Amino acid sequence: MKIYNYLLNTINSRGAAYLVLLDPDKISVDRLTEFVKYCERAGVDGFLVGGSLMLNNNFELFIKKVKQSTKVPVIIFPGSVHQVSGAADAILFISVVSGRNPEHLIGKHVIAAPLIKEAGIEPIPTGYILIESGVTTTAQYMNGSLPIPRNKPEIAAATSLAAEYLGMKFIYLEAGSGAENTVPDEMVKRVSSLCSLPVIVGGGIKTPIAARQKIESGAKIIVTGNFFENENNWDMIKDFADAVHINKPMFV
Ligand code: 1GP
């Protein structure tokens with residue numbers, strides 16, 4: 001429970017937590033150390049590592065490199081059962097509760113659980129909820145199930161409550177990497193008010209203002225990935241971190 005508690009403590013002390021997603025397929029290994037150090041200096045609270053596809057075979061090496069470059073936790077955000085490594089600190093043990101595909105609700109988990117035990121990393125049970133966000137995202141396509149319509153916050157809220165009753169520790173409202181539209185603020189509000197689990201929001205967040213709006217709607221953890229795959233945006237990482245850390249004034 002070390003990393004789970006770290007995230008809860010960060011939420012308590014900073015108002016919310018900010019995680020940066022590193023997709024091994026999308027970030028050049030040459031600039032990885034520099035980027036990770038840059039993020040840590042800017043106030044990023046941890047890293048998620050993973051991707052819906054894995055086009056290269058260097059997952060373990062990638063995680064080791066991230067771990068060597070930072071003191072903040074490195075958490076696997078698995079796109080498949082092949083993304084398990086003892087080099088990380090924890091893994092989001094995600095069940096796609098928005099879908100009705102048994103493989104992504106429990107099937108893959110049966111295969112992954114013994115691997116996680118052997119790797120000795122902390123599993124963090126997370127109810128993962130795909131939200132319609134414009135064009136079909138890779139996450140939606142790979143999952144093979146319908147996302148929740150973006151104008152149906154009540155379905156997202158009821159799904160989150162069910163995940164809470166099933167014993168999940170976090171809810172992840174996911175618009176999908178590179179989404180056209182972020183998870184609607186109204187949906188974040190409805191989920192956060194019905195369900196008492198901390199809510200993670202990610203997908204398509206491209207401005208500090210958008211990140212702050214999700215926090216003001218009740219999100220407790222923000223994830224960005226795509227936006228910083230463009231190196232020209234790196235100097236905005238601190239603005240994102242400050243926007244998320246609602247206990248601190250913004251842009252100081
Ligand atoms: C995807 O929520 C994450 O799983 C991050 O999305 O890459 O669009 O920031 P972006």
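Counting begins at 1 with the first residue of the sequence. Since the structure is predicted, the reported quantities are computational estimates derived from the model, not experimental observations. Whatever order the structure lists ligands and atoms in, that order sets their numbers, starting from 1.
- Proximity of Tyr172 to ligand 1, defined as any heavy-atom pair under 4.0 Å, is confined to the side chain (atoms from C-beta onward).
- Contact atoms of ligand 1 toward Thr224: 9 (O) (distance under 4.0 Å to a heavy atom of the residue).
- In terms of protein heavy atoms, atom 5 (C) of ligand 1 is closest to Gly203 N, 3.7 Å.
- Close approach of ligand 1 to Gly202 (heavy-atom distance below 4.0 Å) involves ligand atoms 2 (O).
- For atom 9 (O) of ligand 1, the closest heavy atom belonging to the protein is Gly225 N, 2.8 Å.
- For Lys65, the NZ atom sits in a packed shell: over 12 heavy atoms of surrounding residues, nucleotides or ligands are nearer than 6.0 Å.
- Here Phe77 has side-chain heavy atoms under 4.0 Å from ligand 1, and that is the only part of it that gets that close.
- Shortest contact from atom 7 (O) of ligand 1 to any protein heavy atom: Ser177 OG, 2.5 Å.
- Listed by atom number, the atoms of ligand 1 under 4.0 Å from Glu174 heavy atoms are 1 (C), 2 (O), 3 (C), 4 (O).
- Of the polar atoms of Phe227, none of the N or O atoms is found under 3.5 Å from an N or O of ligand 1, judged by distance alone.
- When non-hydrogen atoms are compared, ligand 1 lies under 4.0 Å from the side chain of Leu21 (C-beta onward) but not from its backbone.
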Going by atom type alone, with no hydrogens or angles, which donor-acceptor pairs under 3.5 Å involve a side-chain atom of residues 165-179 and a protein atom two or more places apart or on another chain?
residue : atom : partner : partner atom : Å
Glu174  : OE1  : Gly176  : N            : 2.8
Glu174  : OE2  : Tyr128  : OH           : 2.7

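- Between Arg14 and the choices Asp45, Asn9, Asn247, the side chain to side chain donor-acceptor pair (under 3.5 Å) rule is met once, by Asp45.
- Within the structure, the ring-ring contact (aromatic ring centres under 6.0 Å, His included) test picks out no pair touching residues 184-204 (sequence neighbours left out).
- When all heavy atoms are compared, the tightest approach of Ala17 to Val244 is O-CG1, 3.3 Å.
- Note that CG of Asp23 is 7.5 Å distant from CZ of Phe62, once rounded to the nearest 0.5 Å.
- Backbone and side-chain nitrogen or oxygen atoms of Gly178 are examined, and one is located within less than 3.5 angstrom of a nitrogen or oxygen of ligand 1.
- There is no side-chain donor-acceptor pair under 3.5 Å between Thr10 and Tyr18.
- Annotation: Tyr128 places no N or O atom under 3.5 Å from an N or O atom of ligand 1; distance criterion only.
- Under a 4.0 Å criterion applied to the non-hydrogen atoms of Asn226, ligand 1 contributes the atoms 7 (O), 8 (O), 9 (O), 10 (P).
- Every N/O-N/O distance between Ile205 and ligand 1 stays at or above 3.5 Å.
- Using modelled atom types, one finds a donor on one side chain and an acceptor on the other under 3.5 Å when comparing Ser196 with Glu164.
- Residues Ile129 and Ser160 share a closest heavy-atom pair of CD1-OG, 3.4 Å.
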